[in-house]
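Note that this is a predicted model, so its numbers are computed, not measured. No hydrogens, no waters, no symmetry mates; every other heavy atom, side chains included, goes into these values. Letters go in sequence order (proteins before strands), and every chain restarts at 1.
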Amino acid sequence: MLVAFIASTTKSIEEKWRKIWEEERAYEADLNQSKPKFYLTVAYPYPNSPQHVGHGRTYTITDIYARYKRMRGFQVLFPMGFHYTGTPILAMAKRLASEDEELRDLFIKIYKVPEEVLKELEDPFKMARFFHEEIKTGMKEMGYSIDWRREFTTVDPGYSRFIQWQFRKLKEKGYIKIGTHPVGWCPSCGNPVGQHDTKGDVEPEVVEFVAIKFKMGDFSIPTATLRPETVFGVTNIWVNPQADYVKAIVDGEKWIIGLKASERLKHQNLKMEILEVFKGRDIVGGNAVNPINGQLVPILEAKFVDPGHATGVVMSVPSHAPYDYMALKEAKEKTGCLIEPITIISFEGAGNVPAADVCREMGIESQTDPKLEDATKELYRRELTSGIMLSNTGKYSGMRVPEARELIRIELIEKNDARVIYELSEKVYCRCGESCVVKILENQWFIDYGNLQWKEKVYECLDSMRIVPEELRIEFKNVVEWLRERACARQRGLGTKLPWDENWIIESLSDSTIYMAYYIVAKYINMGLIDPTKLNDGFFDYVLLGLGNPRDVASSIDVKTELIEEIRREFIYYYPLDSRNSGRDLVPNHLTFFIFNHVAIFPKELWPKQIVINGSVLMEGRKMSKSLGNIVPLREAVREYGADALRIAVVSTAGLLQDANFSPSLARTLADFLETLRRQYRVVATMPSSSSKTDRVDKWLISRLQETVKEVTEAFEELDVRKAVQLVLYQMDNDLNWFLRRKGCSNLEEAFQYSNILKKFMEVRAKLLAPLAPYTAEEIWSIIGERGLICKAEWPQLDSSLIDEEAEKSEEFIKELIEDTNKILRVLPGRPSRIVYYVAATWKWDVYREILSMKEPDVKTILMRLEKTGVEVDKAAIAKFIRTTIDMLPKMGRDFVKSWVEFKPDHEFNLLEEAKRFLEREFRCEVLVYYEDASEVYDPKKRAVLARPCKPAIYVEVEK
RNA sequence: GCGGGGGUAGCCAAGCCUGGUCUAAGGCGCAGGGCUUAGAACCCUGUGGGGUAGCCCUUCGUGGGUUCAAAUCCCACCCCCCGCACCA
């Protein structure tokens, strides 16, 4: 019952403030020359499903940052759009239409889509729209401070005009190339296949094979391999005796390959004419010539050969391929042939026949043993990393394997003894049931991210950018270095047509690189001031690049010149982008393309200034996935815990770059915490104002507050949200508790006479909390009677005049004293009846000061200096004290001790006297305080001599 | 393989760049106590081992090294996660 009550309260608070924000247009940002601007964006969502709590992390961090910057006095623009481009939505709509039970279940049970709207979602646009609205509602519920007037989708006509402008620019600059490209392909659907098109969501991985042509008369037998360097170790050729093979004319050459293979290879632009079909066994016993060395090798049979994989014929290297080794072993047993493995690679720890060793180690007994797969990988790895070519490999002898592999590949291809063919790394089936093949697409358009001059500019931009966290800068550099040309258009999917070749759709990672600029334009389109279908290149040239004449541009799209100029002004106000936020997964693709395209299109002044990257979210330690069924939809979580608790739960459990763990119990705890916080504000709000004199503890709280403001501010600047949460929630809570404890109040209500201090503390705390928990912050802000929105309030200023080192050290001293006393109490048999503290004698303080002021303190010098002051204590005792102090000093908290001894022994004594009543309450017994060397000291166990500055001696009497 | 991140007490997780105040923040969990009719919340104390005095011993993936001193610096090794392209 109670929980339900809290939840509904939270809900009503959220609704209230959401409404007020909207009415007040709190997050709408236009050009405002009176303020510095801060423009930040986050990668727009792809609406093929509702968002789950994992998505919430990136958006929440960005929103927190936006809110922080807003309070720091910036004109903050935080917009949002939706990415419709690509195939997943299409594929999903298609699956839904085909009554896919699994998907229907997912939609109904997890995404809570009403069954009656399901039918509509079979239209991909409607599906996108549906999830678009769902996500948008979720973002509003989360309290994101987004300027929604700038919203768009990537299939809007205006956006398409913009993307087409971008691509013409890229082409003009020579960054677009045309070529061929191998892709996974479904022959039955006639489409390329991506992960979402395959059974079991397998990503089709295209692998490049080298087909080495062994000669048998006029015919070539192309044997496909990933390891062309092993051609020196070939002893024979394998065919599957039961399978169908063909003789065919392939690109003018006579080939012998598997029948199934021939069908698959047709998609790789090979001209193929089948002459004859026969069984594999028909050529077993024949011989073929190894092109690398002219040796004659026999054709043998092997069951493991898949006639549909690659060419359906393989060369046998028994010494380095476990499959070949096992097949040969069996062939020898069956036919008594005399073939021996030829070893051509050696590595540390290798025997005469490495494949034999691996098979033995792994206990492999036949050529159909599934462990052969692992054996192959293992040997591949070892030989790749540490293999050296042996002397029987001619000019390659002594070379490392990777190098030899590349050179032999080139040699064979140049002599036309081999050619490249492609095959999928594993069998992949389209959702229609067909086995996927590799198809070579002609006229494929590429963005040439390999262009070196372009890369130079990217490096330049990267060097000038702030990367948060800094550790990822190196990763960006590596990505830029590796990046080659990238196919930028696809044959199907939603999106923008390639302006010069309308058969192609610009793919999703290519149409999402500079759209931050488009948010400026989108506002004017959404306001109905511009007809998006009229937008032309001249418009974008002027608005985004300042090129051309505004009057001509305006008349070409039927608007007033002033409007065009206004848009330009707004663009130039907000650009360059101050921060781009996103999850880690986008580093090697989107974020890097984002830099590439910015430096390609925009002048240097408009290059982006910062990238912020965060890790992902795990669900109780595991990755969130449909198959694990552990997805927590965002909106459901908001209903369950409230937006503020959820916001904090997703951003506070790990450092920025680390994967965070979502824990429902933490979210629950945070919800309770925020509820308690609201209660506290209500209590403080009703307190009458007080005018009590400020004592040391008051000064301490206010001083701590300054430190907290400083640290929280720094944490937000660094986007160390986790730290900010810890400070604002827990550290401030601890400080407040200590304050109440010291004041002898068992709860907040009792502390009414300190309301002036508390109100100040609470006011600042509300502001520090505002970026993290906007709803709660607005609520408590109004509870304590502040007018106006806290999200627009000024960030608390650090007042260094209120930092009181003495008060802080004193409280720290008291805390340590309690700790020390507790340590003693712990080992005592009963409750204490009396505790006595002894402040160290003045000369001990002198000793400390002397030692701390010396670089290399020694007993003699200090002793001599002390004698001048005329101490009346046993010299031996002093010397001993000096000795032990010097020894233990490195182990002590040097800084603390150093500043402590700046004070006089009187300070410590007065402090203890002052805290006596407090200590008596704490330990519930009498407390006495003496100077160690006072004339009358109660010291039955002679503890007083143990007193040290900063560490009074303690004597505890226990109840009998 | 290449590249990146990481291995810290029962769990999650900070610290590591800039060695000492580190038995190592904070949270969760657990135990004891306070408050309370009771519970929840809240507060205090404890949570590697030992100890009738604030202490001693042991610990930060493993093994070495540097240093008066290492979770922190150096070397080697083991293990886990992510990316490697046309997929958003």
**Asked** Checking all strands, does Arg943(A) fall into the base, sugar-phosphate, or nothing category for heavy-atom contacts under 4.0 angstrom?
**Response** base
**Flag, side chain of His83(A) to backbone of Thr153(A), donor-acceptor distance under 3.5 Å** = no
**Message:** Quick check: on RNA chain B, is the nucleotide nearest Asn734(A) upstream (toward 5') of the one nearest Leu817(A), or the reverse? Name the residue that is more 5'.
**Reply:** Asn734(A)
**Request:** Give Gly615(A) one of three labels, base, sugar-phosphate or nothing, depending on what nucleic acid heavy atoms sit under 4.0 Å from its own.
**Result:** nothing
**Request:** Take the protein atom CD of Glu711(A) and the nucleotide atom C1' of G26(B), then report the distance between them rounded to whole Å.
**Result:** 13 Å
**Message:** Need the pair for C42(B). Rule: Watson-Crick or G-U wobble, both distances under 3.5 Å, any strand; none if unpaired.
**Reply:** G34(B)
**Message:** Which heavy atom of Thr87(A) sits nearest to which heavy atom of Arg492(A), and what is that distance?
**Reply:** CG2-O, 3.8 Å
**Message:** Does either side chain, that of Trp504(A) or that of Gln491(A), offer a donor lying less than 3.5 Å from an acceptor on the other one?
**Reply:** no
**Asked** Just checking, Lys177(A) and Trp445(A): is the charged tip under 6.0 Å from the six-membered ring centre and within 45° of the axis?
**Response** no
**Prompt:** Which is true for Asp733(A) with a 4.0 Å heavy-atom rule: it touches a base, it touches only sugar-phosphate, or it touches nothing?
**Reply:** sugar-phosphate
**Message:** For a quick check under 3.5 Å, do Ser508(A) and Tyr46(A) share a side-chain donor-acceptor pair by atom type?
**Reply:** no
**Message:** On the nucleotide C87(B), are OP1 or OP2 found under 4.0 Å from the side-chain N or O atoms that Arg490(A) carries?
**Reply:** yes
**Message:** Counting the atoms with a prime plus P, OP1 and OP2 as sugar-phosphate, which does Tyr955(A) contact under 4.0 Å by heavy atoms, base, sugar-phosphate, or nothing?
**Reply:** base
**Request:** Return yes if some donor-acceptor pair links the side-chain N/O of Glu920(A) with the main-chain N/O of Val927(A) below 3.5 Å, else return no.
**Result:** yes
**Message:** Expressed as a whole number of angstroms, how long is the span from Arg921(A):CZ to G33(B):P?
**Reply:** 23 Å
**Prompt:** What nucleic acid atoms does Thr653(A) come within less than 4.0 Å of, heavy atoms only: base, sugar-phosphate, or nothing?
**Reply:** sugar-phosphate
**Message:** Within the 4.0 Å heavy-atom criterion, would you say Glu475(A) contacts the bases, only the backbone, or no part of the nucleic acid?
**Reply:** sugar-phosphate
**Request:** Mind checking Gln731(A) for me? I need base, sugar-phosphate or nothing, with any heavy atom below 4.0 Å counting as a touch.
**Result:** nothing
**N/O (side chain, Arg678(A)) to phosphate O (OP1/OP2, A41(B)) under 4.0 Å** = no
**Prompt:** Base, sugar-phosphate alone, or nothing: which one does Asp585(A) contact when heavy atoms must sit under 4.0 Å apart?
**Reply:** nothing
**Prompt:** Taking the nucleotide of RNA chain B with the closest heavy atom to each, which residue, Ser746(A) or His590(A), is nearer the 5' end?
**Reply:** Ser746(A)
**Item:** Over all atoms of both residues, closest heavy-atom pair of Leu494(A) and Leu90(A)
**Value:** CD2-CD1, 4.1 Å
**Item:** Spacing of Arg742(A) atom CZ relative to C44(B) atom C1', expressed in whole Å
**Value:** 16 Å
**Request:** Please tell me which of the listed nucleotides, G4(B), A88(B), A53(B), lies nearest to the side chain of Ile474(A)?
**Result:** G4(B)
**Asked** Hey, does the side chain of Arg484(A) come within less than 4.0 Å of A85(B)'s phosphate (OP1/OP2), counting only N and O?
**Response** no
**Request:** Output yes when at least one side-chain N/O atom of Ser510(A) is less than 4.0 Å from OP1 or OP2 of C86(B), else no.
**Result:** no
**Request:** Return no unless some side-chain N or O of Asn737(A) is found under 4.0 Å from OP1 or OP2 of C43(B).
**Result:** yes
**Request:** Quote, to the nearest angstrom, the C1' distance that separates C28(B) from C79(B).
**Result:** 27 Å
**Prompt:** Which of these nucleotides, U45(B), A88(B), G54(B), is closest to any side-chain atom of Arg741(A)?
**Reply:** U45(B)
**Prompt:** Across the strands shown, which category fits Ala489(A) at heavy-atom distances under 4.0 angstrom: base, sugar-phosphate, nothing?
**Reply:** nothing
**Message:** Would you measure the distance from the C1' atom in G27(B) across to the matching atom in A85(B) and give it in whole Å?
**Reply:** 40 Å
**Prompt:** According to the Watson-Crick and G-U wobble definitions, with both distances under 3.5 Å, which nucleotide is paired to C11(B)?
**Reply:** G27(B)
**Message:** For G54(B), does the base pair up with any side-chain atom of Asp820(A) as donor and acceptor (N or O, under 3.5 Å, distance only)?
**Reply:** yes
**Message:** With rounding to the closest Å, how many angstrom separate the C1' atoms on U37(B) and U23(B)?
**Reply:** 42 Å
**Asked** At under 4.0 Å between heavy atoms, what does Pro182(A) touch on the DNA or RNA strands: base, sugar-phosphate, or nothing?
**Response** nothing
